[in-house]
Each structure stands twice: as structure tokens, then as C-alpha cells.
Protein chains: 2
Amino acid sequence: MSARRTELTRTAARLFAEKGYHGTSIGDLAEAMGVQKGSLYAHIESKADLLWEVAREGSAAFHAALDAVADEGPVVERIRAALRAHLRVVAEQLDVATVFVREWRYLEGERRDEFVTERRRYEERFRALFREGRELGELRADLDDATAALLALSAANWAYTWLRPGSETDELADRFTALLLDGMRGYASR
Amino acid sequence: MSARRTELTRTAARLFAEKGYHGTSIGDLAEAMGVQKGSLYAHIESKADLLWEVAREGSAAFHAALDAVADEGPVVERIRAALRAHLRVVAEQLDVATVFVREWRYLEGERRDEFVTERRRYEERFRALFREGRELGELRADLDDATAALLALSAANWAYTWLRPGSETDELADRFTALLLDGMRGYASR
DNA sequence: TTGAGAGGCTAACGATCGTTCGGAAGGTGG
DNA sequence: CCACCTTCCGAACGATCGTTAGCCTCTCAA
């Protein structure tokens, strides 16, 4: 893919995150690229192509980040690593992450189905960590792992709204992990 | 406000939640109301009015729900009550809640500023619970209450994506509360 | 030196957008 | 019975939408 084409995708990610997919016109994109709107069609076939591309980039980034998490060792450490990985992607590719979390729903047809499949798979990989943690006895035996995963994923999926690039995401992830593991209650009242 | 006007607001909330504000045309709204699109202007001055109204309805609903939470008694119980209140609003007014969480950003000018103020205030009310819990010794003394509130608010704000009307929201809220308070770790490894 | 491809321009297309307007039907209160 | 108010219709408005077309101008490899 040419440099110009890559730049267009980045610009699309930025504008889609900022103003929404339907709130961003081809004219807006062209203006941001410093070009007449008709010229964009040297690179794409339709506006929907750009949404698809950014959404796929998001899928790829989040899955790749999870791939780097060890699949052995203490589950607790893997949960911490998974949260770190997720928040790192959000901070480093905030626009792409925003499209991945919020704008994907304007995809249509097969592309939408394919995206949803990948998104479900991502959440399932997350969920598996909590299930395994309970089964291996690292997490409490009576843990409702579906709810636990939902809580962790809520924090992960909501992060794009407040996380700003340059944040110390590893520390943030660790604070979340500590909270999830040990809770907020004082030792005395436990 | 006339019955017809109320119906229009409800329809707007539904369509904005379903297809997004910019993804919903005046024509879509008119069709859903069984009317020509010009006819809608007997009720509104602009499409933006509808977004503003639904967003305000969301603000009002969430604040009212928090108002019903006692301002004394054990903080832990008030946190549980606050989560219950929030999830109940999401489940009972899913469309309005969706606009409150996701579509508000298409508000413009003063209205946007006013909404943001109300939204900040809502989150601040939430945050105060965790601060107070720490100060009163009900939550651990070394609690990072900003992060704790962020985690709880993440769960609350993300709920519109998966909560379906008719869910037993009180139970869900209690599961979240239990997780937040006592964590996921097994007693043995604590 | 030539030719091909990449990237951009201008102009225009049909469609759809949000909004306006004058008029008419129907019900309500005086 | 009349005057009014609400609600809707039908038609049109200018603006903007995504997309297409033909043509021009570089760059660079053959």
C-alpha cells in the first residue's frame, strides 16, 4: 500500500474517531488530506472501505497485543498482562481503538459480520483467562467468571473515552488489576 | 407537551440509539411516525432539538436515580444502591441511556457545554461515594478512589452495550458490587 | 526516450439532506 | 356558529452528500 494511501487511512481513523463515521464527509477527508474530494477515489472505491480498513486494523492490533501475552504461568499475571496490552493499544492507537469500540457498527453486510466475529473472539479470549483462573484455583472457587470478565472488559472498552496518549498505561492497568483481584474493602471489615 | 410530541421524542431516542444521530434522517423519523417529513416541523424547530431533549432526559433520569440513593448509612450499601439505580435506568430506558452515553457528543454549542457539565456532575457524585468510603474507613485506607470510581463507572457506562430490558438488574449490580468490594482472588492466595 | 502508472484537478451527476411554506382537515372552547 | 389550534399534506428550497468522468502532470523504470 502506497504512502499516500496509508496516510488516508490514518486521516480517516482520526476523523471517524473525532466526528463519527456519518459525521465525517468525503469532503472533510479530502480537506484534511489537502486535496479535492474527487481525488480520493484514486485510492479507495468507497467511503465504507475506509471504515472497514480502520476497523480491521483495530481488530488486528488488539488481537496482536493479546498474542504477546504468555499462555502459561500464573493466571493473575496473565490477566495483568492482558490489561496492560489492551490499554497500551488504546493509548498508542487511540483513533483506531475508538473506531474498533464505537464506530464499527456502521459497517454493513459481510464486513459487519466478520468484524463482529473477530470482536467476539477477542472478548472470548479475555473471558477464558478468568475461567481458567477459577479452574486452576488462582481465583476464588465461587467466582462468577462471566461477570468478572465483563467487569474487566468494561474497563478496557471504556478506556478510549478517557485515556490520553502518553499516559502511563502499564501503571493504570496494574491499578485496575489490583482492584479487580483484591477489591476495595478494608481488611478490617472483610 | 402534547402526546404526539412525546411520541416523537421517544421515536427519536429509539432511532438515535439504533442508527446514531447522524445516521438517522428526518425522513427516517417521519416514516417511523407515519407522517410526511415536513410535518415534523409542527413539533420541533430542528433535528438538533430532539437530540438535546433525549440527552436531557437521560441526564434527568440518571440524576433522579442517584437522588433516590440514601445519603447516609454504610457507604458500601450506598455504592450497591447507586449501581443498582444506574443499571435500572439503563435497562428501563435503554434508548435514552444510549443517547446519554454515546450520542450526546453530537450536541453543539451551549447545549453541549451544559450537557457535559451535568455529566461531569453525575460522575462526580459517583466518585464521592468511593472517596467517602475510604475516608470513613469502610474501604481500604490505601484505596486509589479515583481509579476505583473509574472502574465502577466503566461498568456502568458500558452497560448499554450488553444490558437488555428485562434483565434482573439488581442482581447484576450486586454481582458487580461484590466483585468490586472483595475482588476475584481466592482466599488461599490472598 | 518513451510509456505507464500514480496522484491530482475540475466539473458534474443524481440522490438525499434538513428545512420552509401555504393550505387544509379536524377537533375544541367560546 | 365561529374562531382557533393542532396536526398533517404536498411541493419545493438550496445545500451537501458520495461518486464518476475526462484530462493533466509528474516520476521512474524499461
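Numbered from 1 within each chain, the chains take letters A, B, ... in sequence-line order.
- Nearest nucleotide to the K37(B) side chain, out of dC8(D), dG18(D), dA12(D): dA12(D).
- Rounded to whole Å, atom P of dT7(D) lies 11 Å from atom CD of E7(B).
- Atom-to-atom, NZ of K47(B) to P of dT19(C) comes out at 8 Å; the value is rounded to the nearest Å.
- The side chain of H43(B) places an N or O atom within less than 4.0 Å of a non-bridging phosphate oxygen (OP1 or OP2) of dT7(D).
- The distance between atom CG of L40(A) and atom P of dG8(C), rounded to the nearest whole Å, is 9 Å.
- For the pair E108(B) CD and dG18(C) P, the interatomic distance rounds to 13 Å; values are reported in whole Å.
- At dC9(D), one or more side-chain N or O atoms of S39(B) fall inside 4.0 Å of OP1 or OP2 (strictly under the cut-off).
- OP1 or OP2 of dC17(C) lies within a sub-4.0 Å distance of a side-chain N or O belonging to S25(B).
- Under 4.0 angstrom from either OP1 or OP2 of dT20(D) there lies no side-chain N or O belonging to Y41(A).
- Listed nucleotides dG8(C), dT19(D), dC9(D) differ in distance to R4(A); the shortest reach to its side chain belongs to dG8(C).
- Residues R112(B) and W104(B) have side chains in contact (heavy-atom distance under 4.5 Å, counting atoms from C-beta outward).
- Rounded to whole angstrom, the span from the CD1 atom of I26(B) across to the C1' atom of dC17(D) amounts to 16 Å.
- Atoms CG (L29(B)) and C1' (dT7(D)) sit 17 Å apart, rounded to a whole Å.
- Rounded to whole Å, the distance from CG on L50(B) to C1' on dG18(C) is 12 Å.
- Note on S46(B): every side-chain N or O is 4.0 Å or more away from OP1 and OP2 of dG18(C).
- Of all heavy-atom pairs spanning V101(A) and Y160(A), the tightest one is CG1-CE2, 3.5 Å.
- Residue V35(B) places its side chain closer to dC8(D) than to any other of dG8(C), dT19(C), dC8(D).
- Considering every non-hydrogen atom in both L172(A) and L163(A), the closest pair reads CD1-CD2, 3.9 Å.
- In this structure, CD of E31(A) is placed 17 Å from C1' of dG18(D), rounded to the nearest angstrom.
- At dC17(D), none of the side-chain N or O atoms of H22(A) fall inside 4.0 Å of OP1 or OP2 (strictly under the cut-off).
- Taking each heavy atom of L153(B) and E123(B) in turn, the nearest pair found is CD1-CB, 3.8 Å.
- Closest approach to the Q36(A) side chain among dT10(C), dG7(C), dC9(D) is made by dT10(C) (side chain taken as heavy atoms from C-beta onward).
- Using a 4.5 Å cut-off on side-chain heavy atoms (C-beta onward), V116(B) and L107(B) make no contact.
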